[in-house]
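None of these values were measured; they are calculated from a predicted model.
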Amino acid sequence: MAKKPKKDMGILEVEKLPRVSAWAWLRARFFAGMVIALPIVVTFAILQFFINYIDQRVVPILPESLRPETYLNYAVPGFGVIVLVLFLTILGAITTNLLGRSVVVITDRVLSQIPIVRTVYSSFKQLVDVFANNPTEQFRECVLIQFPRADSWCLGFVAAPARGEVRTHLSEEYIGVFVPTTPNPTSGFIMFVKAENTIKLHMSVEEGARMILSAGLVVPEHPDVKAAIDAANSKAPTTESGEPSAPAPDGAPGPEPTQDQDPN
């Protein structure tokens with residue numbers, strides 16, 4: 001007796017996915033968990049390092065009567081940070097009045113007269129004054145400059161236009177660009193190049209710093225690339241019934257051909 005053919009129910013057969021071994025499944029889940037946990041662990045590790053660093057240098061300065069371990073028999077993490085914040089707040093409140101300013105001026109003059117100390121003190125004082133009193137003179141934007149040779153580009157931050165003696169020997173067309181090193185952006189080179197020889201980037205200074213810290217692995221999304229991805233992922237136009245609309249024909253159909261009539 002012949003078998004009856006199966007009815008076509010209109011359901012497409014789905015291709016079965018290949019089976020994954022237990023080892024591959026465990027390995028994939030392990031790396032997924034590591035990707036999620038690693039940034040959190042590194043963040044808390046860095047915070048713990050700075051908190052312990054401050055506690056080890058601030059708490060020993062305090063008298064025993066003010067130390068938490070005198071009463072609790074154990075150290076309180078972050079107590080040195082709290083003391084440091086309070087100290088800096090009180091110091092800022094004192095130096096805002098006339099007497100405090102006089103003390104600051106006298107201290108500045110004394111430190112500026114010591115042969116070895118004045119070099120370090122003056123350099124850091126000028127750097128702090130630039131960032132504290134002139135926020136508009138901080139790094140403005142990210143640019144690409146040719147360094148260390150032609151056709152070799154590196155990422156840099158625009159600092160300020162050329163000034164003083166540098167501007168006298170060069171011209172006002174030159175700008176100062178700080179080129180940080182990877183993965184330590186605190187060191188680098190200061191380059192004076194013409195503004196027309198730089199390529200301005202859309203990324204912010206924070207995004208550029210992350211790119212340098214990651215050695216180029218973390219790249220911010222470019223607006224043009226994002227627009228292209230959105231356009232590629234956009235849905236096709238649909239009709240009111242929800243079905244995709246058919247493409248419009250290239251042109252309207254012409255008149256139907258007629259049969260030749262006999263003139264007789």
Side-chain angles (χ1 to χ4, degrees), residues 9-59 74-82 84-85 131 138-145 147-148 151-158 177-189 199-239 241-245:
M9 304 298 295
I11 301 176
L12 298 177
E13 294 184 359
V14 179
E15 182 180 357
K16 294 183 180 180
L17 298 176
R19 295 186 61 182
V20 181
S21 62
W23 170 250
W25 186 88
L26 291 174
R27 182 177 58 185
R29 299 308 182 272
F30 170 77
F31 282 108
M34 186 175 63
V35 169
I36 296 174
L38 189 59
I40 300 175
V41 173
V42 171
T43 301
F44 280 96
I46 294 175
L47 292 176
Q48 184 180 10
F49 171 78
F50 281 105
I51 291 174
N52 293 337
Y53 180 83
I54 296 174
D55 288 347
Q56 293 174 1
R57 282 156 180 77
V58 174
V59 175
Y74 62 87
V76 177
F79 183 75
V81 178
I82 297 175
L84 181 61
V85 171
F131 285 96
Q138 299 180 13
F139 296 138
R140 301 175 181 176
E141 55 186 353
C142 296
V143 294
L144 290 176
I145 65 172
F147 178 80
D151 297 331
S152 178
W153 297 83
C154 64
L155 184 65
F157 303 136
V158 177
V177 179
F178 176 68
V179 180
T181 56
T182 301
N184 180 20
T186 57
S187 62
F189 308 92
I199 299 178
K200 296 183 179 181
L201 302 177
H202 289 89
M203 70 176 67
S204 62
V205 176
E206 292 77 9
E207 292 173 340
R210 287 196 295 267
M211 185 175 178
I212 293 173
L213 284 171
S214 64
L217 297 178
V218 178
V219 181
E221 195 173 46
H222 191 267
D224 296 341
V225 176
K226 185 176 184 301
I229 294 175
D230 294 341
N233 295 335
S234 61
K235 297 181 179 180
T238 58
T239 59
S241 60
E243 297 179 356
S245 59

Student: Could you grab the distance from atom SG of Cys154 to atom CG of Leu144, nearest 0.5 Å is fine?
Tutor: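 Result: 7.5 Å between the selected atoms.
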Student: For Pro180 versus Ile212, what's the shortest heavy-atom pair and its separation?
Tutor: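 Minimum heavy-atom separation between Pro180 and Ile212: CG-CD1, 3.1 Å.
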Student: List for me each residue that meets side-chain hydrogen bond (donor to acceptor under 3.5 Å, both in side chains) alongside Thr181, sequence neighbours excluded, and say none if there are none.
Tutor: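 So Thr181 forms a side-chain hydrogen bond (donor to acceptor under 3.5 Å, both in side chains) with Ser187.
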Student: Show your reasoning for whether side-chain contact (heavy atoms from CB on, under 4.5 Å) applies to Ile199 and Val143.
Tutor: CA-CA 5 Å; Ile199 299 178; Val143 294; over 6 Å; no
Student: Indicate every side-chain donor-acceptor pair of residues 20-48 with a distance under 3.5 Å to a residue at least two apart or in another chain.
Tutor:
unit_1, atom_1, unit_2, atom_2, d
Ser21, OG, Ala24, N, 3.3
Thr43, OG1, Pro39, O, 2.7

Student: Starting at CH2 of Trp153, measure out to CZ of Phe147 and round the result to the nearest 0.5 Å.
Tutor: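 So the CH2 of Trp153 and the CZ of Phe147 are separated by 13.5 Å.
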Student: Take Leu155 and Cys142 through the side-chain contact (heavy atoms from CB on, under 4.5 Å) test and state the conclusion after the steps.
Tutor: CA-CA 7 Å; Leu155 184 65; Cys142 296; 4.1 Å; yes
Student: Please tabulate, for side-chain N and O atoms in residues 204-211, each donor-acceptor pair with protein atoms closer than 3.5 Å (sequence neighbours left out).
Tutor:
unit_1, atom_1, unit_2, atom_2, d
Ser204, OG, Glu207, N, 3.3
Glu207, OE1, Ser204, N, 3.1

Student: Name all residues meeting the ring pair (Phe, Tyr, Trp, His ring centres under 6.0 Å) criterion together with Tyr53; count only those two or more places apart in sequence or in a different chain, and write none if there are none.
Tutor: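 Ring pair (Phe, Tyr, Trp, His ring centres under 6.0 Å) check on Tyr53 returns nothing, list empty.
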Student: side-chain contact (heavy atoms from CB on, under 4.5 Å) with Ile54: which residues, sequence neighbours excluded?
Tutor: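 Checked Ile54 against side-chain contact (heavy atoms from CB on, under 4.5 Å); matches are Val58, Val81, Leu84.
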Student: Using the ring pair (Phe, Tyr, Trp, His ring centres under 6.0 Å) criterion, which residues pair with Phe157? Sequence neighbours excluded.
Tutor: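 In terms of ring pair (Phe, Tyr, Trp, His ring centres under 6.0 Å), with neighbours along the sequence ignored, Phe157 is linked to Phe139.
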